[in-house]
Amino acid sequence: MSTQSSSTSARTSFSTLPDERARAHPDAPCVADDDVQLDNAAFLQRVQRAAAVLADRGVGPGDVVAIVLPNRAELVVSLFATWRLGAAATPVNPVLTRTEMQFQIDDAASKVVVGTVELQLDGEVLDVGALNAEGSEPGPDPADVAATDLALLIYTSGTTGKPKGVMLDHANLLSMCESARDALHISSDDHSLLILPLFHANGIVAGTMTPLLAGGQVTIAAKFSPKTFFSLVSAARPTYFSAVPAIYAMLSALPENADVDTSSLRLVVCGAAPMPAELIQRVEERFGVVLVEGYGLSEGTCASTINPVDGVRKPGTVGPAMPGQEVAILGEDSTHLPQGERGEVILRGPNIMRGYLNRPEETARTLVDGWLHTGDVGYLDEDGYLVLVDRIKDMIIRGGENIYPKEIESTLYTHDGVLEAAVIGRADDVLGEVVVAYVALRPEADATVEDLHALCLEHLAKYKQPVLIELMDELPKNPVGKIDKPTLRKHSSNSEATTA
């Protein structure tokens, strides 16, 4: 059983988008950050100058430009300058170690690195300030870029071994942006507030490229702080933003007397990790916003399902397939399962990656007969909405019984005092694995470990009970904002925790 929709386009690449925006509406706002506000004409000028500098460094069609920058307007300028030359970009997380950065830069065979003078890396590092040198020539006209030309190399987080370069061509990016535009009704009236990192597909595609393609604008926040976030919303007046569950959890934990103005927001989006239904309800009621939860992978360019903005939203699901995409559930015998039956979530559509860079065997395992195998367990309900059960690799096998951590986490989230919860499996000599839970409480919450154990006893079968519930001030996060379960597993294996 599967769900699908459709979307089409005549555009082949993003290489000429700055020119088109500047011709149509030169004075309309385009990209802003804490330091600059660029209208369409100024943005095009910045892109032209940057393209000229990159071309002087030998960058041309088929090359790769690594970009090591925090969230700022110059990162977006660098992306479009790279595409203008027919090259591809690989954004690098600026908080990685030198070794981690160097691996990505070398693996992508980067021609040049755009960054800052502080970077100590092998190869040529072009300081970002040089991209806007006064008096720079406007540079070459946009290259003739094909839809199948490589546009982005997004590196996965690498929780199981070295990170892999996800190859996304211009057709992937265009189809994804159009799918998001149609699903969220993004238009020239929309203003995206970008708080997610620009080294990740969500920040680049959903937060930046989609509104720019639709004729809208983007304001880039250098960093996220729950204490100052709504001041930024009040000042910038965005119509939407996209965030991860951890950010919504922090916002919902703000004091009740916090000054909050959300009147400009048409909707807010959640992705990257499943969001508890209780948290969705709390955010919508507290801030008076429409929150739509979606699901996707970097391998699918960004997102593949989302709850409809103007239709039935089902908390606890991640919605039906987005326009132009198809979602199905695969059984162990490689057959597609009917609605209601659990299996591996697989995805298909023009947004699916070309493959992993220099990893043909892993590509062959992940892309099978045109379908992307996600490694996630889920099912489609009676309306074709996808319900995620858990990651296949996160499944806990206790004495032969399969346990999905998400089910236990969802139970813990029903307690009003729980801000965040994560469940992992810990090795056990007798049972193979046992359940361990880590919980961060809301400010001023007085919940105890005993209260949480009692909650689990009330709602979960005996074999699903955590042997340990540990309270933490804050759960560890990876750079994208997801709860970092590998770190929790290390903590569990290193601790001398006793069972409950």
Side-chain angles (χ1 to χ4, degrees), residues 2 62-64 66 87-93 96-97 99-111 146-173 175-176 199-202 204-205 272 295-304 325-337 343-378 388-395 397 478-480 482 484-486 489:
S2 65
D63 289 327
V64 175
T90 185
V92 182
N93 181 353
L96 294 179
T97 66
T99 301
E100 291 168 326
M101 288 186 187
Q102 197 68 57
F103 170 81
Q104 179 174 338
I105 291 165
D106 292 344
D107 190 68
S110 304
K111 182 92 171 186
T148 54
D149 286 345
L150 185 66
L152 272 180
L153 279 170
I154 298 291
Y155 276 72
T156 60
S157 56
T159 55
T160 55
K162 290 288 188 182
K164 300 184 292 289
V166 175
M167 296 189 293
L168 302 175
D169 60 23
H170 284 271
N172 293 147
L173 299 184
S175 63
M176 184 68 255
F199 59 80
H200 192 261
N202 196 334
I204 294 174
V205 178
Y295 160 77
L297 292 79
S298 297
E299 289 87 344
T301 307
C302 180
S304 291
Q325 302 189 53
E326 190 171 1
V327 180
I329 306 299
L330 197 67
E332 293 183 359
D333 59 355
S334 296
T335 61
H336 288 204
L337 298 177
E344 183 180 11
V345 179
I346 57 175
L347 309 171
R348 185 166 66 178
N351 57 300
I352 300 302
M353 68 172 182
R354 288 168 45 179
Y356 295 117
L357 180 67
N358 301 324
R359 306 284 182 95
E361 293 181 358
E362 291 190 57
T363 298
R365 285 195 296 269
T366 305
L367 297 177
V368 181
D369 297 329
W371 289 92
L372 172 67
H373 288 237
T374 67
D376 289 317
V377 179
L388 294 175
V389 176
D390 226 317
R391 290 287 296 168
I392 290 175
K393 68 180 182 182
D394 285 347
M395 186 175 67
I397 304 178
N478 68 15
V480 182
K482 296 182 186 179
D484 189 352
K485 287 193 173 182
R489 291 188 184 99

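Predicted model only: the values in this text are computed from it and were never measured. In what follows, every heavy atom counts, from backbone to side chain, and hydrogens, waters and symmetry copies are set aside.
The heavy-atom pair separating Phe103 from Pro163 by the smallest distance is CE2-O, 3.5 Å. When every heavy atom of Phe199 is checked against every heavy atom of Ile154, the shortest pair comes out as O-CD1, 4.1 Å. Scanning all heavy atoms of the two residues, the minimum distance from Leu168 to Ser298 falls at CD2-O, 3.9 Å. Closest of all the heavy-atom pairs between Asn351 and Ser304 is ND2-OG, 3.8 Å. Closest approach of Ile204 to Pro91, counting heavy atoms only: CD1-CG, 3.6 Å. Annotation for Arg348 and Gly370: closest pair CG-O, 3.4 Å, computed over non-hydrogen atoms.
A search for side-chain contact (heavy atoms from CB on, under 4.5 Å) contacts involving Ala89 returns Ile67, Leu79, Thr82, Leu152, not counting sequence neighbours. Not counting sequence neighbours, the partners of Asp376 by the salt bridge (charged side-chain N to carboxylate O under 4.0 Å, His left out) test are Arg391. Contacts of Glu100 classified as salt bridge (charged side-chain N to carboxylate O under 4.0 Å, His left out), with partners at least two apart in sequence or in another chain: none. Listed by chain and number, the residues in a side-chain contact (heavy atoms from CB on, under 4.5 Å) with Arg365 are Glu361, Glu362 (sequence neighbours excluded). Residues that satisfy the side chain to side chain donor-acceptor pair (under 3.5 Å) test with Thr301, not counting sequence neighbours, are absent from this structure. Here Asn358 pairs with nothing under the side chain to side chain donor-acceptor pair (under 3.5 Å) rule; sequence neighbours left out. The side chain to side chain donor-acceptor pair (under 3.5 Å) search around Asn93 returns none, not counting sequence neighbours. Not a single side chain to side chain donor-acceptor pair (under 3.5 Å) links Ser110 to another residue, sequence neighbours left out. Under the side-chain contact (heavy atoms from CB on, under 4.5 Å) criterion, Leu153 pairs with Val64, Thr90, Ala108, Leu150, Tyr155, Met167, Leu357, sequence neighbours left out. In this structure, the salt bridge (charged side-chain N to carboxylate O under 4.0 Å, His left out) partners of Lys485, at least two apart in sequence or on a different chain, are Glu409. Residues satisfying the salt bridge (charged side-chain N to carboxylate O under 4.0 Å, His left out) criterion with Asp149, sequence neighbours excluded, are absent altogether.
We find the CD1-NZ distance between Ile105 and Lys111 to be 15.5 Å, quoted to the nearest 0.5 Å. Taken from CD1 in Ile346 to NE2 in His373, the straight-line distance is 5.5 Å, to the nearest 0.5 Å. Taking CG of Leu388 as the reference point, atom OH of Tyr295 lies at 6.0 Å (rounded to 0.5 Å). How far OG1 of Thr335 is from CG of Leu330: 7.0 Å, rounded to the nearest 0.5 Å. For the atom pair CD1 of Ile352 and OG of Ser175, the computed distance is 8.5 Å after rounding to the nearest 0.5 Å. Note that CG of Leu367 and CD of Glu299 are 8.5 Å apart. Values are rounded to the nearest 0.5 Å.
At least one donor-acceptor pair closer than 3.5 Å links the side chain of Glu344 to the backbone N or O of Gly375. Remark: side-chain polar atoms of Gln104 are not paired, donor with acceptor, to backbone N or O of Gly165 under 3.5 angstrom. A donor-acceptor pair under 3.5 Å is absent between the side-chain atoms of Arg354 and the main chain of Asn172, judged by distance alone.
Remark: Asp333 CG is packed, more than 12 non-hydrogen atoms of other residues, nucleotides or ligands lying under 6.0 Å away.
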Exercise. What do the steps show when you test Leu337 against Glu332 for side-chain contact (heavy atoms from CB on, under 4.5 Å), and what is the final call?
Worked result: CA-CA 10 Å; Leu337 298 177; Glu332 293 183 359; over 6 Å; no

